[in-house]
Amino acid sequence: MANGKRRGIQFDNPNEQELFHAKESWVPLIIGTIPFIIVGIAALAIANTMFNNTQVGLILLAVCLAAAILTRIPRIIANLDTDVVVTDKRLYARTGIIDIKDQVCDLTNVSDVTVDPTIFGRMFDYADVRIQTFAGDQDFVLRGIAHAYKMRQSIHQGMDALRGNAQPRRGMR
(Lines give C-alpha, C1' and ligand atoms only; values in the text may rest on other atoms or scores of the structure.)
Protein backbone atom coordinates (compact mmCIF):
# COMPACT_ATOMS: atom_id res chain seq x y z
CA MET A 1 0.00 0.00 0.00
CA ALA A 2 1.20 3.49 -0.74
CA ASN A 3 1.78 5.76 2.19
CA GLY A 4 -0.78 8.51 2.74
CA LYS A 5 0.27 12.14 2.81
CA ARG A 6 -1.87 14.76 4.52
CA ARG A 7 -1.02 18.30 5.56
CA GLY A 8 2.56 17.81 4.37
CA ILE A 9 3.02 14.89 6.77
CA GLN A 10 3.75 11.43 5.40
CA PHE A 11 1.49 8.90 7.15
CA ASP A 12 2.96 5.44 7.73
CA ASN A 13 -0.41 3.82 7.03
CA PRO A 14 -2.99 5.38 4.67
CA ASN A 15 -5.80 3.83 6.74
CA GLU A 16 -4.98 5.93 9.79
CA GLN A 17 -7.75 8.25 10.90
CA GLU A 18 -6.86 11.78 11.91
CA LEU A 19 -8.12 12.60 15.41
CA PHE A 20 -6.60 16.05 15.82
CA HIS A 21 -4.54 18.55 13.88
CA ALA A 22 -2.55 21.17 15.78
CA LYS A 23 -0.70 24.29 14.73
CA GLU A 24 1.38 26.74 16.68
CA SER A 25 -0.77 29.54 18.11
CA TRP A 26 -0.40 33.10 16.81
CA VAL A 27 -1.03 34.59 20.26
CA PRO A 28 2.55 34.31 21.62
CA LEU A 29 3.77 35.93 18.42
CA ILE A 30 1.49 38.91 18.92
CA ILE A 31 2.13 39.16 22.67
CA GLY A 32 5.88 39.30 22.00
CA THR A 33 5.47 42.51 20.00
CA ILE A 34 3.59 44.39 22.72
CA PRO A 35 6.68 45.56 24.71
CA PHE A 36 8.24 47.00 21.54
CA ILE A 37 5.03 48.85 20.71
CA ILE A 38 4.76 50.25 24.24
CA VAL A 39 8.37 51.47 24.15
CA GLY A 40 7.78 53.05 20.72
CA ILE A 41 4.66 54.87 21.89
CA ALA A 42 6.47 56.04 25.02
CA ALA A 43 9.39 57.29 22.89
CA LEU A 44 6.95 59.15 20.66
CA ALA A 45 5.25 60.75 23.68
CA ILE A 46 8.57 61.71 25.30
CA ALA A 47 9.92 63.18 22.06
CA ASN A 48 6.72 65.22 21.66
CA THR A 49 6.54 66.56 25.21
CA MET A 50 10.19 66.96 26.22
CA PHE A 51 11.83 67.85 22.94
CA ASN A 52 8.80 69.19 21.06
CA ASN A 53 9.93 67.15 18.06
CA THR A 54 7.41 64.82 16.48
CA GLN A 55 9.79 63.64 13.77
CA VAL A 56 12.26 62.15 16.26
CA GLY A 57 9.40 60.44 18.07
CA LEU A 58 8.08 58.96 14.83
CA ILE A 59 11.55 57.70 13.92
CA LEU A 60 11.90 56.05 17.35
CA LEU A 61 8.44 54.51 16.98
CA ALA A 62 9.39 53.18 13.52
CA VAL A 63 12.62 51.70 14.94
CA CYS A 64 10.69 49.96 17.72
CA LEU A 65 8.14 48.56 15.26
CA ALA A 66 10.94 47.34 12.98
CA ALA A 67 12.62 45.66 15.97
CA ALA A 68 9.32 44.02 16.90
CA ILE A 69 8.94 42.60 13.41
CA LEU A 70 12.56 41.52 13.04
CA THR A 71 12.66 39.72 16.38
CA ARG A 72 9.43 37.89 15.55
CA ILE A 73 10.52 36.60 12.11
CA PRO A 74 11.82 33.24 13.43
CA ARG A 75 8.52 32.70 15.28
CA ILE A 76 6.51 33.65 12.20
CA ILE A 77 8.42 31.10 10.12
CA ALA A 78 8.00 28.44 12.83
CA ASN A 79 4.31 29.22 13.05
CA LEU A 80 3.76 28.89 9.33
CA ASP A 81 5.36 25.47 9.10
CA THR A 82 4.54 23.65 12.32
CA ASP A 83 2.10 20.79 11.92
CA VAL A 84 1.19 18.16 14.49
CA VAL A 85 -1.26 15.41 13.61
CA VAL A 86 -2.63 12.87 16.06
CA THR A 87 -4.07 9.79 14.37
CA ASP A 88 -5.68 6.72 15.87
CA LYS A 89 -2.26 5.00 15.82
CA ARG A 90 0.54 7.58 15.78
CA LEU A 91 1.64 11.10 16.53
CA TYR A 92 3.30 13.03 13.70
CA ALA A 93 5.12 16.35 14.06
CA ARG A 94 6.73 18.36 11.29
CA THR A 95 8.59 21.59 11.98
CA GLY A 96 10.84 23.85 9.97
CA ILE A 97 11.04 25.25 6.47
CA ILE A 98 14.73 24.95 5.65
CA ASP A 99 15.78 22.52 8.35
CA ILE A 100 12.72 20.26 8.28
CA LYS A 101 12.36 17.95 11.26
CA ASP A 102 9.86 15.10 11.09
CA GLN A 103 9.03 13.11 14.20
CA VAL A 104 6.79 10.05 14.40
CA CYS A 105 5.80 8.10 17.47
CA ASP A 106 3.41 5.19 17.94
CA LEU A 107 0.79 6.05 20.54
CA THR A 108 1.58 2.76 22.30
CA ASN A 109 5.04 4.20 23.08
CA VAL A 110 3.72 7.39 24.72
CA SER A 111 4.21 7.32 28.47
CA ASP A 112 3.12 10.84 29.43
CA VAL A 113 1.69 14.02 27.92
CA THR A 114 2.35 17.25 29.82
CA VAL A 115 0.62 20.52 28.96
CA ASP A 116 2.35 23.60 30.36
CA PRO A 117 0.40 26.82 29.71
CA THR A 118 1.53 30.30 30.66
CA ILE A 119 -0.91 32.86 32.09
CA PHE A 120 -1.62 34.12 28.57
CA GLY A 121 -1.80 30.52 27.37
CA ARG A 122 -4.66 29.84 29.78
CA MET A 123 -6.49 32.93 28.58
CA PHE A 124 -5.98 32.27 24.85
CA ASP A 125 -5.96 28.43 24.78
CA TYR A 126 -2.37 27.57 23.87
CA ALA A 127 0.49 25.87 25.72
CA ASP A 128 3.79 24.07 25.41
CA VAL A 129 3.26 20.32 25.10
CA ARG A 130 5.82 17.70 26.13
CA ILE A 131 5.22 14.15 25.02
CA GLN A 132 7.40 11.58 26.73
CA THR A 133 7.93 8.08 25.41
CA PHE A 134 8.88 4.89 27.19
CA ALA A 135 12.20 4.76 25.33
CA GLY A 136 12.92 8.42 26.06
CA ASP A 137 14.66 8.96 22.74
CA GLN A 138 11.51 10.00 20.87
CA ASP A 139 10.37 12.75 23.24
CA PHE A 140 8.53 15.67 21.62
CA VAL A 141 8.64 19.26 22.86
CA LEU A 142 6.13 21.40 20.99
CA ARG A 143 6.02 25.13 21.77
CA GLY A 144 2.91 27.30 21.82
CA ILE A 145 0.47 24.73 20.46
CA ALA A 146 -3.09 25.98 19.99
CA HIS A 147 -5.77 23.90 21.75
CA ALA A 148 -3.12 21.91 23.63
CA TYR A 149 -5.60 20.32 26.05
CA LYS A 150 -7.68 19.00 23.15
CA MET A 151 -4.49 17.59 21.66
CA ARG A 152 -3.69 15.80 24.92
CA GLN A 153 -7.24 14.45 25.05
CA SER A 154 -6.92 13.14 21.47
CA ILE A 155 -3.63 11.42 22.30
CA HIS A 156 -5.21 9.73 25.32
CA GLN A 157 -8.25 8.68 23.24
CA GLY A 158 -5.96 7.11 20.66
CA MET A 159 -3.93 5.37 23.37
CA ASP A 160 -7.10 4.02 25.00
CA ALA A 161 -8.44 2.77 21.67
CA LEU A 162 -5.19 0.95 20.94
CA ARG A 163 -5.33 -0.69 24.35
CA GLY A 164 -8.92 -1.73 23.74
CA ASN A 165 -10.42 0.52 26.44
CA ALA A 166 -12.49 2.79 24.20
CA GLN A 167 -13.24 3.71 20.63
CA PRO A 168 -11.63 6.93 19.39
CA ARG A 169 -13.84 9.86 18.47
CA ARG A 170 -13.28 10.82 14.85
CA GLY A 171 -13.26 14.28 13.35
CA MET A 172 -12.34 16.10 16.57
CA ARG A 173 -10.62 19.42 15.85
Side-chain angles (χ1 to χ4, degrees), residues 5-11 18-87 90-105 110-133 136-156 172-173:
K5 187 171 186 177
R6 292 175 224 153
R7 301 186 193 273
I9 295 177
Q10 187 76 28
F11 281 20
E18 182 178 307
L19 299 177
F20 186 78
H21 176 249
K23 295 283 288 176
E24 193 171 333
S25 175
W26 283 95
V27 175
L29 179 69
I30 294 166
I31 289 173
T33 62
I34 291 173
F36 290 100
I37 293 169
I38 291 171
V39 168
I41 292 171
L44 176 64
I46 290 170
N48 279 338
T49 56
M50 293 184 75
F51 304 116
N52 201 17
N53 191 340
T54 305
Q55 291 176 338
V56 171
L58 289 174
I59 290 170
L60 292 173
L61 177 62
V63 167
C64 289
L65 292 176
I69 292 169
L70 290 174
T71 58
R72 300 281 92 196
I73 286 175
R75 293 293 298 213
I76 291 169
I77 291 171
N79 190 297
L80 291 174
D81 208 36
T82 297
D83 275 309
V84 181
V85 176
V86 179
T87 70
R90 291 178 188 81
L91 172 70
Y92 298 88
R94 181 183 188 105
T95 57
I97 291 177
I98 297 170
D99 183 22
I100 296 172
K101 182 178 181 182
D102 284 325
Q103 290 180 280
V104 179
C105 176
V110 173
S111 63
D112 190 31
V113 181
T114 306
V115 176
D116 186 23
T118 62
I119 292 171
F120 288 114
R122 288 185 185 134
M123 292 186 328
F124 298 108
D125 195 20
Y126 72 91
D128 293 345
V129 179
R130 181 178 175 88
I131 299 155
Q132 294 174 309
T133 60
D137 60 344
Q138 290 183 322
D139 290 357
F140 290 66
V141 178
L142 305 165
R143 307 263 180 234
I145 297 297
H147 313 295
Y149 287 105
K150 288 181 183 176
M151 181 179 156
R152 180 179 66 182
Q153 181 183 7
S154 296
I155 292 169
H156 285 297
M172 185 173 160
R173 291 191 187 212

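What you see below is based on every heavy atom in this structure, not just the backbone, and it leaves out hydrogens, waters and symmetry mates.
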Do Phe36 and Thr71 have side chains that get closer than 4.5 Å, going by heavy atoms? yes
Closest non-hydrogen atom pair, Tyr92 against Val104: CD2-CG2, 3.6 Å
Pair Arg152, Val129 - check side-chain contact (heavy atoms from CB on, under 4.5 Å), show working. CA-CA 8 Å; Arg152 180 179 66 182; Val129 179; over 6 Å; no
How close do Arg72 and Gly32 get, counting heavy atoms only, and between which atoms? NH1-CA, 3.8 Å
Taking all heavy atoms of Tyr126 and all of Gly144, pick out the closest pair and write down the distance. CD1-CA, 4.0 Å
Might you point out which heavy atoms bring Leu44 and Gly57 nearest each other, and give the distance in Å? CD1-C, 3.5 Å
Which residue pairs satisfy the side chain to side chain donor-acceptor pair (under 3.5 Å) criterion with at least one member in residues 35-52, sequence neighbours excluded? Asn48-Thr54
Between the side chains of Asp112 and Thr114, does any donor sit under 3.5 Å from an acceptor? yes
Might you confirm whether atom CD1 of Ile119 has over 12 heavy atoms from other residues, nucleotides or ligands at distances under 6.0 Å? no
Calculate, to the nearest 0.5 Å, the distance between atoms CD1 and OG1 belonging to Ile38 and Thr33 respectively. 9.5 Å
Hey, are the side chains of Lys23 and Asp83 touching, using non-hydrogen atoms and a 4.5 Å cut-off? yes
Identify the two heavy atoms, one from Leu61 and one from Gly40, that lie closest to each other, and give their separation to 0.1 Å. CD1-C, 3.4 Å
If a pair satisfies salt bridge (Lys or Arg N to Asp or Glu O under 4.0 Å) and one of its residues is in residues 121-132, list it, with sequence neighbours excluded. Asp128-Arg143, Arg130-Asp139
From OG (Ser154) to CD (Glu18), nearest 0.5 Å: 9.5 Å
Verdict with reasoning, Leu65 to Ile37, per side-chain contact (heavy atoms from CB on, under 4.5 Å): CA-CA 6 Å; Leu65 292 176; Ile37 293 169; 3.8 Å; yes
Nearest 0.5 angstrom please: Phe140 CZ to Cys105 SG, how far? 5.0 Å
Please answer whether the main-chain N or O of Gln132 pairs with a side-chain N or O of Ser111 as donor and acceptor at a distance below 3.5 Å. yes
Is the shortest heavy-atom distance from the side chain of Gln153 to the side chain of Val115 under 4.5 Å? no
Close side-chain approach of Ile131 to Leu142, heavy-atom, < 4.5 Å: yes
Count the heavy atoms of every other residue, nucleotide or ligand shown that sit under 6.0 Å from CE of Met123, and state whether that count exceeds 12. yes
Provide the closest heavy-atom pair for Phe20 versus Lys150 in the form atom of the first, atom of the second, distance. CE1-CB, 3.7 Å
